Every structure is written in structure tokens, then in C-alpha cells.
K.L.:
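I am attaching a structure below and will ask some questions about it afterwards.
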Amino acid sequence: MFRRSIYKTQAQLRSMVEPGLITAAALDAVRPLVRPGVTTLELDAAANRLILERGAESNFQLVRGYRHTTCISVNEEVVHGIPGERVLQAGDIVSIDCGAQYQGWNGDSAITVVVPDDTRPDVVARREELSRVTEGSMWAGIAAMASARNLGDLGAAIQGYIEEQGPSAVSGKTYGILREYVGHGIGRKMHEAPSVFNYRTPDPGAEIKPGLVLAIEPMVTAGGEQTFVEDDDWTVSTVDGTDGSHWEHSVALHADGIWVLTAEDGGAAGLAPFGVTPTPIA
Ligand code: MG
Ligand code: MG
């Protein structure tokens, strides 16, 4: 069987810049709409509108059996939540995953937003901390991609970052990392080889070298690591009912350095704490 190389040419990497930016813009369009009273379907529609305006199409809609532009996962749902009539409440923690395909190339990115709630500062603090730790672990993985030799180093960096944070300062509980769901290569298809584990593995994994494009996407819980799939056959929720958070960026390693395709600034702000400066793809 023919297997496409996991390493892309510089020209192919350039083709991935625009779908990355469109994906970023779609999430930017949704972010300010996340407030009490909005339905997840309304958020999904806003993402779809932006993607179509930019002359792209939703790659989530190209996944067999899926009709939406985003996955929106609320509270104990971690990933793959289906947009619908659910009305967001103050204090909800909401993970939004979205992707665009443009001229045959794909972007994939996710953010977590906590809906403001003045009446429950403790709940908001706990959920914002979970989101911060998850986002930080994603940046730790992206930073590792800039210098690591093998994919396994990247998973170790993500897990290491989460462990360094220690137990939650608010709840005292140790964070969990989903094991059954992982990051992936991305390119002509949204999901390509190799798998990107968010934890240490015995196998060093593929070599990290220019041409590699990865969707790095830690899925972290405020408690246990066990999940189940809801009756809708998509939504992945925690067994113990603790909250989940999901952050994701599509990232290219190229001849001159690293570039986060789904960030307007190429990842400059997120990578700064790690001493890594992104370089645009020439
Ligand atoms: Mg995604
Ligand atoms: Mg992904």
C-alpha cells in the first residue's frame, strides 16, 4: 500500500498557511459569542459562516456521519460534543473544536472558554485553572516540537508540564490526561499519520524534522482519565463527572523553524514563556 510521507515539502507547508488562518478566524468569530443564553448550535453557525465567507469549507462536515462545523463540549464533556439546542449557562466550561479546508489543505484547532459567572467565583476559578493548565501543556508540546528529536519527547513534554503544575490549587485534585484520544498529523486530510500522544510512551516515535505538521491537542480533566461515549455516539464524557478541557493547534516544522498555522501570530505569544520564537514559512 502506498503511504504518503509524513514530511511535507516547503511548498506544501505554504499551502497550509491559509487554511490555518481561516480556522483561527472561525474560532475568533465564536469566542465573543460564548455567553449565557447562547445555544451551541448558534456558535456552530457562526463558525460555519466565517469559513464559507473566506471561500473555504468545514472539514468536520467531511467526516463520515458528522454534519456540523464544530464540536462543542460542555463541562464533563471533554471532546466530540455535538452542537445543538443546549443553552450555555453562566460558569460553564466550553471547549470548541473547529477546522477548515481550503484548496485541499486543512487546519484544525480548539479552544476552551469559561462562561463568566459573578455568583460562583470558586467554580470559575477552578475551571479557568483547568483551561490554563491544558493550554499550557499544549504550548509545552509545541515548544518541544521546535527542538525535540522524536515524537515521544513531545508527549513527555505535555505530560511533564501537567505534572509540574501539581494538584489543582483550587480543588486539590490531580489533573488527568485522556489516553484513548490523541493528536495527529494534518495535511491533505484532517487526520493523518503519525499519532501524537499527550503522555509518555515507551516508543520514541517518529523523527521530528522539517516538513512535519502536527495537530497537537491535549485533552485534560480535573480528575479521572476514564471516559465513555454518550448515547449520541460522539460525545466523550468523563466517567467521574469532572470537567474537561481541550486545546489544539496545527503546527508546522519547516527549514527555518516552527510556525503555528492556526495562530494569527504564528504562536509568538504562547511560545514566549518557553523561550521559543516562531519563524514564518518562507
Ligand atoms: Mg480538532
Ligand atoms: Mg485534531
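Ligands are counted one by one from 1 in listed order, and the atoms in each one are counted from 1 as well. The structure presented is a predicted model; accordingly, all values stated were derived computationally and were not measured.
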K.L.:
Charged N to carboxylate O under 4.0 angstrom, Arg200 versus Glu163?
P.N.:
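Between Glu163 and Arg200 there is a salt bridge, with a charged N closer than 4.0 Å to a carboxylate O.
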K.L.:
If you consider just the N/O/S atoms, which atom of Asp97 is the closest one to the Mg ion (ligand 1)?
P.N.:
OD1
K.L.:
Identify, by name, the N, O or S atom of Asp108 lying closest to the Mg ion (ligand 1).
P.N.:
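The atom in question is OD1.
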K.L.:
Once the angle between the rings of Trp139 and His249 is folded into 0 to 90°, is it parallel (under 30°), tilted (30 to 60°) or perpendicular (over 60°)?
P.N.:
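The rings of Trp139 and His249 sit tilted, inter-plane angle from 30° to 60°.
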K.L.:
Go through it in stages, so that I can follow the logic: the residues are Tyr181 and His80, the test is ring-ring contact (aromatic ring centres under 6.0 Å, His included), and I'd like the CA-CA distance, side-chain angles, deciding distance and then a yes or no.
P.N.:
CA-CA 10 Å; Tyr181 302 91; His80 301 172; 5.7 Å; yes
K.L.:
Please confirm if an N, O or S atom belonging to His191, backbone or side chain, lies less than 2.8 Å from the Mg ion (ligand 2).
P.N.:
no
K.L.:
Tell me which N, O or S atom of Glu217 sits nearest to the Mg ion (ligand 2).
P.N.:
OE2
K.L.:
How are the rings of Tyr161 and Phe274 set to each other: parallel, tilted or perpendicular (split at 30° and 60°)?
P.N.:
tilted
K.L.:
If you measure only the distance, is there a donor-acceptor pair under 3.5 Å linking the side chains of Glu230 and Ser237?
P.N.:
yes
K.L.:
The Mg ion (ligand 1) and Glu248: any N/O/S contact shorter than 2.8 Å?
P.N.:
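Yes, Glu248 qualifies, because one of its backbone or side-chain N, O or S atoms lies under 2.8 Å.
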